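Read the structure below first, then the notes.
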Protein chains: 2
Amino acid sequence: MSVTIYDVANKANVSMATVSRVINGNTNVKPATRQKVMNAIEELGFRPNAVARGLASRKTTSVGVIIPDISNMFFAELARGIEDIATMYKYHIILSSSDQQKNKELDLFDKMLEKQVDGIIFIGSAITEEHIEAFNRSEVPVVLAATVDESSKLPSVNIDYYSAMKDAVQFLISNKYESIGFVASPLNIHANAMKKQGYLDALKDHQLPENEELIFNGDDTYQSGLEAVRHFLHLNNKPSAVLASSDEMALGVIHGAQDAGLNIPEDLTVIGFDNTRLAKMVRPTLSTVVQPMYDIGAVSMRLLTKLLKGEEVDQQQVTLPHRMITRGSTSEK
Amino acid sequence: MSVTIYDVANKANVSMATVSRVINGNTNVKPATRQKVMNAIEELGFRPNAVARGLASRKTTSVGVIIPDISNMFFAELARGIEDIATMYKYHIILSSSDQQKNKELDLFDKMLEKQVDGIIFIGSAITEEHIEAFNRSEVPVVLAATVDESSKLPSVNIDYYSAMKDAVQFLISNKYESIGFVASPLNIHANAMKKQGYLDALKDHQLPENEELIFNGDDTYQSGLEAVRHFLHLNNKPSAVLASSDEMALGVIHGAQDAGLNIPEDLTVIGFDNTRLAKMVRPTLSTVVQPMYDIGAVSMRLLTKLLKGEEVDQQQVTLPHRMITRGSTSEK
DNA sequence: GTGAAAGCGCTAACAG
DNA sequence: CTGTTAGCGCTTTCAC
């Protein structure tokens with residue numbers, strides 16, 4: 001059996017309360033006493049038991065992170081942002097992948113509450129009534145990261161997906177592109193639906209026709225980018241530019257086009273979304289809409305710490321700025 | 001205050017011991033009683049408190065994972081393997097990035113023990129005496145994943161890095177390549193040193209000269225692949241093939257070469273290492289040595305569960321098979 | 001098959 | 001500034 005606070009108290013000739021005070025940095029301890037205790041801790045190799053602590057204090061200093069898939073670059077970056085801030089505030093991360101399946105999401109949420117996490121960061125797909133109900137029923141704060149709920153009532157950190165995509169389309173239009181293909185990410189996810197709406201509305205704003213053929217529903221994989229471009233190239237009215245809802249699909253589009261003998265950007269201009277590290281790891285390099293994943297993670301964790309400390313938070317729905325980076329895959333006319 | 005086992009006991013008119021039995025699936029409960037308890041649990045919305053449980057049972061059903069950087073594709077894949085098996089065995093994952101800094105690694109290790117994790121999976125850099133000492137001092141099992149300790153005493157899951165790289169070189173040599181560049185990953189990590197040794201020994205086996213100029217010390221980033229090829233192309237004796245210690249660097253090599261006007265594989269053959277998803281996301285597609293990251297994660301977690309259950313494990317040092325996949329970046333002569 | 005009681009290791013009033 | 005005393009919510013003997 002390992003050494004407890006009690007053993008330390010004994011060795012230092014003080015009460016366990018005093019030991020508790022020193023390991024918790026409570027100032028109400030005489031320096032000499034503190035030193036005695038520190039020595040005893042050192043000699044005994046005492047290591048506080050966080051579980052016992054958690055039970056007694058009802059705080060575990062750990063937060064749950066529910067994420068679609070940690071092996072996906074995009075989410076991994078986000079996770080790192082969360083983790084770094086968590087570490088900074090002395091929290092540990094309990095991490096689980098949900099594969100964006102609603103029942104898994106809900107199930108994980110419950111399991112994390114059982115573990116008595118102090119708070120939860122949720123990165124998911126569609127936020128349903130059930131999600132909201134579960135979140136509200138929980139005693140601990142929940143913040144959504146890169147996940148939008150239509151009700152806009154939950155604390156969350158996002159960019160403005162609608163405007164971001166609209167801006168990208170406007171960039172193309174102002175460069176005289178008129179036939180613009182769109183590779184959508186799964187639309188059951190609200191953020192993706194917003195991107196598509198931005199695309200649609202930008203066209204409308206410029207009196208450009210909406211063409212169903214120019215919209216391909218992808219699944220965020222490289223493979224579906226490949227398929228998208230294959231689809232586009234079979235059209236009579238081929239697009240001169242393609243906007244992909246994610247960088248990975250954009251890479252698929254570029255390579256698919258190149259495989260078909262096209263030159264990027266001369267024959268086809270391509271724009272991605274996210275600015276993952278992938279964007280620079282392709283030739284030509286990918287122009288893309290920057291979604292600051294790391295920052296979204298970091299800011300959402302920071303927001304959670306505020307909620308945890310009961311600090312006043314004036315704006316619970318944070319919208320981070322987006323911008324476009326032009327690289328080799330676009331040419332300005 | 002939330003509902004406890006005591007409330008359930010009250011409602012069901014049984015003792016808390018009985019409630020404990022049913023939530024733990026203990027068979028020694030009369031079906032009728034069990035049902036009564038289940039109903040009470042349902043009605044009260046009781047959710048067992050894992051922290052209290054952990055304190056009483058000295059088992060937290062959570063395992064710590066110390067990983068260099070979760071935002072790195074390679075490690076993220078590994079993490080997913082760990083996570084999937086952990087979930088299967090009802091464990092939760094406490095995940096922390098160490099950035100391969102020894103003091104962080106040791107510190108995290110300690111913090112995880114404080115949290116009373118049942119076991120730890122360690123993915124790290126060099127295993128020093130201090131690491132070994134810390135691991136041995138811990139009461140809980142530790143397994144190394146994709147991390148080799150020279151002493152070979154710790155439970156671990158790896159591939160044979162030495163042979164894997166040797167095989168790749170042999171493939172090149174048997175295809176008549178004689179001037180083979182090597183982009184090394186940081187050599188303080190033992191697995192990387194083994195790869196380099198494999199490269200060196202393969203050359204020696206075929207009486208090919210070892211040439212310092214043909215070895216570039218990279219840092220596993222795309223950028224350093226770019227730099228490596230720049231270095232190689234300035235040489236009088238330029239390599240006709242380059243072997244990179246990781247896929248990401250290999251991508252850098254390919255693009256750097258292409259940027260300089262070379263054709264891959266005609267002018268330069270490139271082979272990577274790992275077979276991350278990146279390998280297919282480049283043109284030409286990347287030939288590479290397969291290191292099954294997901295499997296390494298999964299197998300190491302499986303091994304940990306065995307150690308946790310006290311099952312007999314005949315072979316604590318697992319070596320998974322490797323192989324080479326040839327794609328577009330190599331041409332066979 | 002079920003209950004009573006003693007902790008698990010620590011925090012948090014409350015005294016003094 | 002320090003000690004005493006209850007718990008935190010659950011598991012786990014040990015009886016019955």
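Numbered from 1 within each chain, the chains take letters A, B, ... in sequence-line order. Hydrogens, waters and symmetry mates are skipped; everything else that's a heavy atom, side chains included, is used. As the structure is a computational prediction, the values presented were derived from the model and not from experiment.
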Using a 6.0 Å cut-off, check whether atom [atom1] of [X] has over 12 heavy atoms from anything other than its own residue.
{"X": "A:Q101", "atom1": "CD", "value": "yes"}
{"X": "A:E311", "atom1": "CD", "value": "yes"}
{"X": "B:K90", "atom1": "NZ", "value": "no"}

**Request:** Sort and list the pairs that fulfil salt bridge (Lys or Arg N to Asp or Glu O under 4.0 Å) and have at least one residue in residues 21-40 of chain A, not counting sequence neighbours.
**Result:**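 Non-adjacent pairs meeting salt bridge (Lys or Arg N to Asp or Glu O under 4.0 Å): zero.
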**Item:** salt bridge (Lys or Arg N to Asp or Glu O under 4.0 Å) contacts touching residues 67-78 of chain B (sequence neighbours left out)
**Value:**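 Every salt bridge (Lys or Arg N to Asp or Glu O under 4.0 Å) pair that includes a residue of residues 67-78 of chain B, provided the two are not neighbours, is A:R80-B:D69.
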Which nucleotide sits closest to the side chain of [X]: [options]?
{"X": "A:A52", "options": "C:dT11, D:dT2, C:dC10", "value": "C:dC10"}
{"X": "A:T18", "options": "C:dT11, D:dG9, D:dT2", "value": "D:dT2"}
{"X": "B:A56", "options": "D:dC10, C:dG1, C:dG9", "value": "D:dC10"}
{"X": "B:S15", "options": "C:dA4, C:dT11, D:dT11", "value": "C:dA4"}
{"X": "B:T33", "options": "C:dC10, D:dC8, C:dG1", "value": "C:dG1"}

Does a side chain donor of either [X] or [Y] reach within less than 3.5 Å of an acceptor in the other side chain?
{"X": "B:E83", "Y": "A:S97", "value": "yes"}
{"X": "A:K115", "Y": "B:T61", "value": "yes"}
{"X": "B:E43", "Y": "B:N39", "value": "no"}
{"X": "B:Y161", "Y": "B:N192", "value": "no"}

**Asked** Side-chain contact, heavy-atom cut-off 4.5 Å: B:L308 with B:P141?
**Response**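 Contact flag for B:L308/B:P141 side chains = yes.
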**Asked** What is the ring orientation for B:H131 with B:F122, classed by angle as parallel under 30°, tilted 30 to 60°, or perpendicular over 60°?
**Response**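 B:H131 vs B:F122 ring planes: perpendicular.
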**Request:** May I ask you to say what B:S20 touches in the nucleic acid, namely base, sugar-phosphate or nothing, with a heavy-atom cut-off under 4.0 Å?
**Result:**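 Contact class for B:S20: base.
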**Prompt:** NA contact type, A:V14, heavy-atom cut-off 4.0 Å: base, sugar-phosphate, or nothing?
**Reply:**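 Sugar-phosphate, no base atom in range.
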**Request:** Spell out, as yes or no, whether a donor-acceptor pair under 3.5 Å connects the side chain of A:S300 to the backbone of A:G297.
**Result:**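 Yes: the side chain of A:S300 pairs with the backbone of A:G297.
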**Item:** B:I66 backbone acceptor or donor facing B:E105 side chain under 3.5 Å
**Value:**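 No; zero donor-acceptor contacts below 3.5 Å.
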Gap between atoms [atom1] and [atom2], on [X] and [N] respectively (whole Å):
{"X": "A:N10", "N": "D:dG3", "atom1": "CG", "atom2": "P", "value": "12 Å"}
{"X": "B:M16", "N": "C:dA5", "atom1": "CE", "atom2": "C1'", "value": "10 Å"}
{"X": "B:R53", "N": "C:dC10", "atom1": "CZ", "atom2": "P", "value": "22 Å"}
{"X": "B:L55", "N": "C:dC10", "atom1": "CG", "atom2": "P", "value": "9 Å"}
{"X": "A:R34", "N": "D:dC1", "atom1": "CZ", "atom2": "P", "value": "10 Å"}
{"X": "A:I5", "N": "D:dG3", "atom1": "CD1", "atom2": "C1'", "value": "13 Å"}
{"X": "B:K30", "N": "C:dG1", "atom1": "NZ", "atom2": "P", "value": "9 Å"}
{"X": "B:N24", "N": "D:dT12", "atom1": "CG", "atom2": "P", "value": "7 Å"}

**Message:** Quick check: closest heavy atoms across A:G124 and A:P68, and the distance to 0.1 Å?
**Reply:**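 The answer is CA-CG, 4.4 Å.
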**Heavy-atom closest pair, residues A:M293 and A:L78** =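 What the structure gives for the nearest pair is O-CD1, 3.0 Å.
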**Nucleic acid contacts of residues 39-49 of chain A, taken as heavy-atom distances under 4.0 Å to DNA chain C** =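 Going residue by residue through residues 39-49 of chain A, the ones with a heavy atom under 4.0 Å of DNA chain C turn out to be A:F46, A:P48, A:N49.
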**Asked** Of the residues in residues 110-118 of chain A, which ones touch DNA chain D at a heavy-atom distance under 4.0 Å?
**Response**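 Within residues 110-118 of chain A, no residue comes under 4.0 Å of DNA chain D.
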Below 3.5 Å between N/O atoms, which protein atoms pair up with nucleotides 13-16 of chain D? Just atom names and distances, please.
none

**Request:** Have a look at the helix from C:dG1-D:dC16 to C:dG16-D:dC1 and give the angle its two end axes make, five pairs each, rounded to 10 degrees.
**Result:**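 Taking the rotation axis at each end, their angle is 30°.
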**Request:** Please figure out whether B:V29 or B:S57 has its closest DNA chain C nucleotide nearer the 5' end.
**Result:**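 The residue mapped nearer the 5' terminus is B:V29.
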